[in-house]
Amino acid sequence: GSMMYTPGHNMMGATTEPPGAPSDADVSYRTFDLSFDIVNHELLPKVHLPAFAFNGQVPGPVFRVQENDWIKVRVTNNTEEMHTVHWHGLDVVYTMDGVPMVTQDPIHPKETFVYRFQARPAGTRFYHCHWSTPMHMMSALHGAFIIESSDDPIRKRFPYERDYVLMLESFDLNFSRKT
């Protein structure tokens, strides 16, 4: 079958820089690299499933940034499937919202897509793949995105020195394909 794309989309091995966000010359970005990978994930001792993973880990890495930081995430697709990243609960420019065939083309195999946005509003958020969303989220394409505020009322009222990120997830071994 043919891959989905909009006219002029240069895919295989390309780097896509969508319009709508400030350039590197305009703002100082905190830059992160993220990849879509396929791993053999050990869910429980001796219970494995093929899973999609961000940076080879399940769940994906935790982003911990300050409110209003400018964020640049270079996302490379190392799988044979198509993906996007939706920054759930973040106020991002339309072209960075990760809704395939609506706000962007899906990220094709071997393609790198560069997301740029300002981290806001403060709070605990998450990111996930928005392509074939139920299957890809269930297959581990999700992670925490924490935006800290210098004016955090919780920290002021209950000073703490350490916090923990807990991600609840479920896997359907019958729904996962075999590698």
Side-chain angles (χ1 to χ4, degrees), residues 5-6 8-39 41 51-131 133 136-137 139-152 155 162-167:
Y5 66 95
T6 54
H9 182 175
N10 181 7
M11 296 169 289
M12 298 298 279
T15 296
T16 300
E17 291 262 7
S23 72
D24 287 343
D26 296 328
V27 298
S28 179
Y29 281 98
R30 290 188 61 189
T31 303
F32 300 91
D33 289 307
L34 202 58
S35 62
F36 297 104
D37 305 297
I38 295 179
V39 298
H41 180 60
F52 287 124
F54 281 115
N55 288 8
Q57 68 184 65
V58 177
V62 175
F63 284 81
R64 189 177 293 273
V65 300
Q66 297 299 308
E67 188 173 29
N68 297 319
D69 280 355
W70 283 97
I71 308 299
K72 176 167 62 171
V73 186
R74 297 176 37 83
V75 185
T76 301
N77 185 354
N78 296 329
T79 78
E80 76 279 7
E81 301 294 331
M82 292 187 281
H83 304 286
T84 66
V85 180
H86 175 66
W87 310 96
H88 202 104
L90 276 73
D91 178 14
V92 300
V93 176
Y94 175 82
T95 53
M96 308 296 171
D97 202 34
V99 182
M101 308 316 294
V102 177
T103 67
Q104 72 171 87
D105 282 350
I107 304 168
H108 290 74
K110 299 187 177 25
E111 182 181 5
T112 297
F113 191 96
V114 182
Y115 291 94
R116 297 169 183 261
F117 52 88
Q118 197 169 22
R120 64 181 186 222
T124 301
R125 316 278 179 226
F126 79 110
Y127 61 98
H128 62 83
C129 180
H130 215 303
W131 179 268
T133 308
H136 287 197
M137 282 182 70
S139 296
L141 282 179
H142 56 266
F145 199 104
I146 299 169
I147 304 173
E148 297 177 337
S149 170
S150 58
D151 191 33
D152 181 353
R155 191 179 290 250
R162 185 170 184 183
D163 63 4
Y164 298 87
V165 177
L166 175 66
M167 294 207 67

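These numbers come from a predicted model, not from an experiment. Starting from 1, each residue takes its place in the sequence as its number.
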How many angstroms lie between atom [atom1] of [X] and atom [atom2] of [Y], to the nearest 0.5 angstrom?
X	Y	atom1	atom2	value
D33	K72	CG	NZ	9.5 Å
I71	M96	CD1	CE	13.0 Å
N55	S35	CG	OG	4.0 Å
H130	H88	NE2	NE2	8.0 Å
C129	I107	SG	CD1	8.0 Å
F63	I147	CZ	CD1	11.0 Å

Would you say that [X] contacts [Y] through its side chain, given a criterion of any heavy-atom pair below 4.5 Å between the two side chains?
X	Y	value
E148	I146	yes
T15	V114	yes
K110	N77	no
W70	P22	yes
F113	V73	no
P61	F54	yes
V85	H128	no
I38	F52	yes

Among side-chain atoms of [X] and [Y], is any donor-acceptor pair under 3.5 angstrom?
X	Y	value
E111	T16	yes
D152	S149	no
T76	T112	yes

Does the ring center of Y115 lie less than 6.0 Å from the ring center of F117?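 For Y115 and F117, the ring centres are not under 6.0 Å apart.
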Please report whether the ring centroid of F145 lies less than 6.0 Å from that of F126.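 Between F145 and F126, which both carry aromatic rings, the centre distance is not below 6.0 Å.
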Between H86 (side chain) and D97 (backbone), is there a donor-acceptor pair under 3.5 Å?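 Yes; judged by distance alone, with no hydrogens or angles, the pair exists.
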Of all the heavy-atom pairs spanning [X] and [Y], show the shortest one and how long it is.
X	Y	result
V65	A119	CG2-CB, 3.6 Å
P121	R125	CG-NH2, 3.1 Å
G60	Y127	C-OH, 3.3 Å
T79	P109	O-CB, 3.3 Å
P19	T95	O-OG1, 2.5 Å
V165	A144	CG1-CB, 3.6 Å

Stepwise ring-ring contact (aromatic ring centres under 6.0 Å, His included) check, H83 with F36: CA-CA 8 Å; H83 304 286; F36 297 104; 4.3 Å; yes
Could you tell me if R116 sits above the aromatic ring of Y29, with its cationic atom closer than 6.0 Å to the ring centre and no more than 45 degrees from the axis?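 Verdict for Y29: a cation-pi partner in R116.
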Derivation of the side-chain contact (heavy atoms from CB on, under 4.5 Å) call for Q57 and D37: CA-CA 9 Å; Q57 68 184 65; D37 305 297; over 6 Å; no
Output yes when R120 and D69 qualify as a salt bridge under the 4.0 Å nitrogen-oxygen rule, no when they do not.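 Looking at D69 together with R120, the answer is no, because their closest N to O distance does not fall below 4.0 Å.
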Pair D163 + R64, salt bridge at N-O below 4.0 Å: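 So D163 pairs with R64 through a salt bridge.
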